[in-house]
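Side chains included, hydrogens not; waters and symmetry mates left out as well; all remaining heavy atoms used. Everything numeric in this text was worked out from a predicted model, so none of it was measured. One-based numbering, in listed order, for ligands and for the atoms of each.
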Amino acid sequence: MAGHEALGPVPTLDEKHSGTPKRLSKEAQEVRARLFSNHTLPASQPRKRALRLPPGVSQESFDTAVRELRGAIGSGNVELNDKPLVDGWYIEHPNTHDAYHIVDQEELVSSATVYPGSTEEVQATVRWANKFGIPIYPISIGRNLGYGGAAPRIPGAVVVDLGRRMHKVLKVDGENASCVVEPGVTYFKLYEEIQKLNLPLWIDTPDLGGGSVLGNAIDRGVGYTPYGDHFANHCGMEVVLPNGELLRTGMGAMPGPNGTDNPTWQSFQHAFGPSIDGIFSQSNFGIVTKMGFHLMPETEHQSYIFTFPRDEDFEQIVDIIRPLAQKRILGNIPQLRHVIQELNVTGKTKADFHSGTQPMTREEIRAAASKMPLGDCSWVFYGTQYGTRESIASQLETIKASFGQVPGSKFYLPSDLPKDHYLHDRALVCSGVPVLKELDWLNWVPNAGHLFFSPIAPTRGKDARTIHELIVAAHKRHGFDLFPTLCVAGREIHYITNIIYNRADADMKARAVRLMREVIAECAGKGFGEYRTHLLFADQVAGTYNWNDSAFMRFNETIKDVLDPNGILAPGRNGIWPKRFRGKGWELKADDTDMSKIGPRL
Ligand code: EUG
């Protein structure tokens with residue numbers, strides 16, 4: 001943990017837009033100490049290479065370009081990426097590279113970071129990128145962790161860090177139950193602002209609260225209240241197009257009276273004409289600088305757990321969830337986790353349960369789980385119900401009757417479990433209170449980084465079993481513990497596995513890459529595709545959506561080339577390459593397991 005000792009207090013929201021709320025200061029400090037106690041890597045190392053220039057741009061031209069941008073938006077707002085790279089941790093995270101690097105740390109790096117302070121400065125940055133042919137890569141907060149973090153897909157691209165200076169909650173409308181945010185507003189911040197206003201409104205947060213509300217939504221992330229589909233619950237966007245023009249979507253396309261915003265911008269998502277909001281999600285067609293969201297009126301809520309004794313109960317559990325979810329008896333998108341997660345969510349390390357680097361055996365997991373509050377079981381269902389006390393009670397009766405069909409299932413309320421059990425944090429997440437708890441997963445191995453593998457499967461026992469068995473086998477083959485979290489809706493499952501690896505172990509990183517390549521291909525063979533993926537796997541995943549001679553990607557490329565003829569905006573993001581880069585060897589496909597050189601390869 002060399003070098004980490006020097007860190008000061010964890011920044012709070014008052015001090016930094018990406019900081020923690022005061023209520024979590026102490027916990028953040030403890031989480032950080034735990035994490036770093038399991039680090040052997042130094043905080044940073046001297047750079048091996050000089051500043052990474054954008055592709056095809058000479059040092060001289062880059063210097064000229066940087067000078068010009070500094071002149072336009074202030075010299076302090078353009079920062080060269082020429083200092084040692086610091087991975088940091090969740091709260092004190094880098095905007096220079098992927099903190100959870102799965103290739104060499106210096107591979108996916110920017111040349112510089114720009115901090116625009118307004119929509120106009122975002123427009124100026126985009127026009128500048130066009131003038132100099134420099135690829136730019138916008139981030140909101142840069143905590144898209146497990147999916148690439150703040151790293152640009154093209155080494156040497158200029159990261160546009162929108163959040164540092166654009167982090168205002170622009171509006172909270174108590175009557176319409178909605179808000180408008182800038183890119184740098186985290187779940188932590190939005191939550192605190194609404195508490196300050198004393199409005200009876202909930203936000204919806206993912207498992208960790210440090211992400212950008214806007215960024216997560218345009219990456220189509222999910223949360224766990226009834227408003228958990230973040231993109232579905234957005235309402236209105238303001239977008240800077242790759243040519244610098246400014247666009248508003250939805251009702252925002254119609255001006256309000258006397259130069260005001262349209263009064264229904266945050267009331268009706270679809271408006272008139274083609275619904276174009278979707279093309280700005282998981283794409284590289286524009287930079288979203290403002291976004292509206294619906295907020296949920298607060299309500300009574302009750303979180304709970306069901307456990308199931310046998311691994312083989314899995315199919316039956318999924319088939320029981322389906323009608324409960326379709327009928328909306330289940331209040332939220334529940335999580336179905338394997339009992340191994342009861343071990344790692346405590347913040348303990350693998351070494352606390354197992355010696356050696358092999359995956360834990362089922363017997364070892366059983367032995368360890370037996371000593372935990374939920375005891376020896378296989379699957380753990382985390383659900384939450386909403387409404388009045390009476391309606392929650394009646395919903396729970398129906399749900400108990402359904403899960404009671406599985407022999408040996410058990411039901412727990414938070415009051416049945418110790419104060420430090422994860423269910424208490426789950427209850428916060430499921431009622432819109434952003435927390436930090438899930439970070440404790442990362443103590444599992446030393447210097448832990450993680451990658452999400454996130455396929456979609458039908459909510460049908462048989463299919464769920466097919467995908468699960470395939471993922472189990474692949475993890476076994478490559479020597480990884482499997483941490484499945486299934487977010488089960490009425491018709492589909494987001495099957496999320498968190499592949500945790502040691503950033504100091506090159507072999508383990510290489511195995512994680514091979515594991516990802518194989519599960520992506522094998523799932524696609526069965527028709528199961530990812531809903532989201534790490535930057536370096538985007539080409540492969542995009543390539544699996546190839547029905548009818550890749551009509552979908554050809555459509556995306558057509559849009560890309562019209563909107564961004566110079567190919568400056570986030571080339572390669574979600575597998576969409578502009579003409580300038582396409583087919584020149586930048587794509588990383590299924591057989592690219594050696595990713596030590598990212599760049600044009602012919
Ligand atoms: C999780 C869920 C996700 C995701 C990454 C992580 C949950 C981890 C449903 O989407 O993309 C516990």
Salt-bridge contact K26-E30 (side-chain N to carboxylate O under 4.0 Å)
yes
Where ligand 1 meets V222 - atom numbers and elements under 4.0 angstrom, heavy-atom basis
9 (C), 10 (O)
Under 3.5 Å between some N or O of ligand 1 and some N or O of S454?
no
Taking N or O atoms only and a 3.5 Å limit, does Y147 qualify as a polar contact for ligand 1?
yes
Would you say CZ of R511 has more than 12 non-hydrogen atoms from neighbouring residues, nucleotides or ligands within 6.0 angstrom?
yes
Does I576 offer a backbone N or O that forms a donor-acceptor pair with the side chain of N574 under 3.5 Å?
no
Taking 4.0 angstrom as the limit and counting only heavy atoms of R532, give me the atoms of ligand 1 inside it, by number and element.
11 (O)
For atom 1 (C) of ligand 1, grab the closest protein heavy atom and report residue, atom and distance to one decimal in Å.
I496 CG2, 3.8 Å
Given the options N233, T225, N332, N216, D204 meets side-chain hydrogen bond (donor to acceptor under 3.5 Å, both in side chains) only with T225
Identify, by atom number and element, the atoms of ligand 1 in contact range of R337, meaning under 4.0 Å from any of its heavy atoms.
12 (C)
May I ask you to identify the nearest protein heavy atom to atom 10 (O) of ligand 1, giving residue, atom name and distance to one decimal place in Å?
Y531 OH, 2.8 Å
Could you identify the single nearest non-hydrogen protein atom to atom 7 (C) of ligand 1 and state the distance to 0.1 Å?
D207 OD1, 3.4 Å
Which residue and heavy atom of the protein sit nearest atom 12 (C) of ligand 1, plus the separation:
E438 OE2, 3.5 Å
For the residue pair Q335 / Y224, report whether a side-chain donor-acceptor contact shorter than 3.5 Å exists.
yes
With side chains defined as the heavy atoms from C-beta onward, is the minimum distance between E27 and V435 less than 4.5 Å?
no
C487 heavy atoms, cut-off 4.0 Å: which ligand 1 atoms fall inside?
9 (C)
Report yes or no: do D481 and W444 form a side-chain donor-acceptor pair below 3.5 Å?
yes
Go through ligand 1 atom by atom and flag the ones less than 4.0 Å from a non-hydrogen atom of Y224.
2 (C), 7 (C)
Using a strict 4.0 Å threshold on nitrogen-to-oxygen distance, state whether D420 and K437 make a salt bridge.
no
